[in-house]
Amino acid sequence: MDLKNIKGFLIDMDGTTYLSHRLLPGAKDFLDFLHRNKKPYLFFTNNPSSSVKDYVKKFHELGLTQVKEKNIITSGQATIEYLKSHKINKIYLLATPSYEAEIKKAKIKLTDRNPQAVILSFDKTLTYKKLETAAHLLANKKIKYIATNPDLVCPTINGPIPDCGAIAALLEKATGRIPLYIGKPNKGMVLAAAKRLGLKPETMAIIGDRLYTDMKMAINHKLTSILVLSGETKKSDLQKSDLEPDYVFENLRELLTKLK
C-alpha cells in the first residue's frame, strides 16, 4: 500500500521511537505529523516491564505529551486478556514489580504453590531463585507455560540486553519446555489494535525495528510493513532474512520525509 493511503499506524517503542531515555531521530516530528493530520495510531510494544501508566509518564518526560493510556497496547495487557479468557487466575510470575501490579489489579493471584500456569515476561528483576522455582514448576507438564513476548533482546542506548525470549531459551535448555508466546507476532495483538482503532488490519501499517516480531506480524497478517534500522535490525540482518518489508528507512525522520 502507498504510504499516503495508510489509515492507521502501529508504532513500536524500544528501538523505533526511543532508546532507553533518549528519543530517536524524527520521533517527535512524526507524532506531531500524525496529530496534525488526524491519523490514528497506537504505540505497540512487546515490552511489559513497565505498566501503561508508567509508559505514559515516560512519553511525557520525553516530550511526547500527546500520548495517553488509550494510545498504548502492550504484550502484558494481551497476556492478561488471554489469562482471563482461559479462566487462568492463579499463576507463578517472573516479572518486574510494575507488571506484577498490573496482574494483581486484574485480580489474578500470584503463587508458587500449585499454580495453573507459569508466566514469563521481560523481567529486569530476574533472580536465580525465580528461575529455580520456575524450573521446578515446569517439571509438571500439567502446568501451562506462557510468555508475554518472544523478543531475544531489548535495544538500549548502551547496547542490547536479554529480553523475554532469551530467558525462555535458558529455561528451555533446563526444562525442555517452550512457552506459548502471546505478544508480537501473535495475531491477537493485531486484532486488539484493529478493534481499538476501529480499522481493518489491511488498512494499517506496523512500524518497527525487529524482523522476527514487527515485520513478521505485518507480513503474516497483511498489514503494511515498515522497518526502521534504528534499533535491533541492521542492514546485514535484512540481507540474510527471508522476510521482505514493504518499506525500509533509517529511522522515523526518513519515514516522515517520505510521507510528506
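Just so it is clear, the values below take in all heavy atoms, side chains as well, and ignore hydrogens, waters and symmetry mates.
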Approximate separation, where rounding is to 0.5 Å, of [X] [atom1] and [Y] [atom2]:
X	Y	atom1	atom2	result
L42	I73	CG	CD1	5.0 Å
T224	M1	OG1	CE	5.0 Å
K84	K107	NZ	NZ	8.5 Å

Q.
Show, in sequence, the C-alpha distance, side-chain angles and deciding distance for D12 and K184, and conclude whether the salt bridge (Lys or Arg N to Asp or Glu O under 4.0 Å) test is met.
A. CA-CA 10 Å; D12 180 51; K184 298 181 287 185; 3.0 Å; yes

Q) Which other residues end up in the same hydrophobic cluster as L171, if Ile, Leu, Val, Met, Phe, Trp and Tyr are linked when side-chain heavy atoms come under 4.5 Å apart? A)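 Answer for L171: Y92, L94, V118, L120, L126, L131, L137, L138, I143, Y145, I167, L170.
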
Q. Taking the hydrophobic residues Ile, Leu, Val, Met, Phe, Trp and Tyr, and joining any pair whose side-chain heavy atoms are under 4.5 Å apart, which ones share a cluster with I80?
A.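 Traced through the cluster, I80 reaches Y82, L83, I88, I91, L93, Y99, I103, I108, L110, I119, I146, L180, I182.
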
**Q.** Heavy-atom pair of closest approach, residues T96 and S49
**A.**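 Minimum heavy-atom contact is OG1-O, 2.7 Å.
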
**Q.** Nearest heavy atoms of S50 and Y55, plus distance in Å
**A.**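 Reported closest heavy-atom pair: O-CE1, 3.4 Å.
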
**Q.** Pairing residues for F9 by the ring-ring contact (aromatic ring centres under 6.0 Å, His included) criterion, not counting sequence neighbours
**A.**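 Expected list: F30.
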
Q) Knowing that exactly one of D214, T213, N149, D151 qualifies, which makes a side chain to side chain donor-acceptor pair (under 3.5 Å) with N46? A)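 Testing N46 for a side chain to side chain donor-acceptor pair (under 3.5 Å) against D214, T213, N149, D151 leaves exactly one candidate, D151.
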
May I ask you to check whether over 12 heavy atoms, not counting those of [X], lie within 6.0 Å of atom [atom1]?
X	atom1	result
K58	NZ	yes
K234	NZ	yes
K130	NZ	yes

Closer than 3.5 angstrom, by distance alone: can the side chain of [X] be matched with the main-chain N or O of [Y] as a donor-acceptor pair?
X	Y	answer
S241	D237	no
D209	E232	yes
R210	V153	yes
H221	P185	yes
N251	R253	yes
T148	G76	no
K90	N114	yes
N37	L34	no
Q77	T74	yes

Q) Is F44 reachable from I6 through a run of hydrophobic residues whose side-chain heavy atoms are each under 4.5 Å from the next? A)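 As far as the 4.5 Å side-chain criterion goes, F44 and I6 are not connected within one cluster.
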
Donor-acceptor pairs are to be reported for all side-chain atoms of residues 187-207 against protein atoms at under 3.5 Å, with residues two or more places apart or in another chain.
| residue | atom | partner | partner atom | Å |
| --- | --- | --- | --- | --- |
| R196 | NH1 | K70 | O | 2.7 |
| R196 | NH1 | I72 | O | 3.3 |
| T203 | OG1 | K200 | O | 2.7 |

Donor on one side chain, acceptor on other, [X] and [Y], under 3.5 Å:
X	Y	result
D123	T125	yes
D54	S98	yes
E254	Y247	no
D246	S225	yes

Q | Set of side chain to side chain donor-acceptor pair (under 3.5 Å) partners for Y41, sequence neighbours left out | A |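 In terms of side chain to side chain donor-acceptor pair (under 3.5 Å), with neighbours along the sequence ignored, Y41 is linked to H35.
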
Q: Please determine if E250 and K235 form a salt bridge, counting it only when a charged side-chain N lies under 4.0 Å from a carboxylate O.
A: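 Judged by the 4.0 Å cut-off on N to carboxylate O distance, E250 and K235 do form a salt bridge.
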
**Q.** Listed once per pair and sorted, the salt bridge (Lys or Arg N to Asp or Glu O under 4.0 Å) pairs that draw on residues 19-43, sequence neighbours left out
**A.**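 Of all non-adjacent pairs touching residues 19-43, those that pass salt bridge (Lys or Arg N to Asp or Glu O under 4.0 Å) are K28-D32.
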
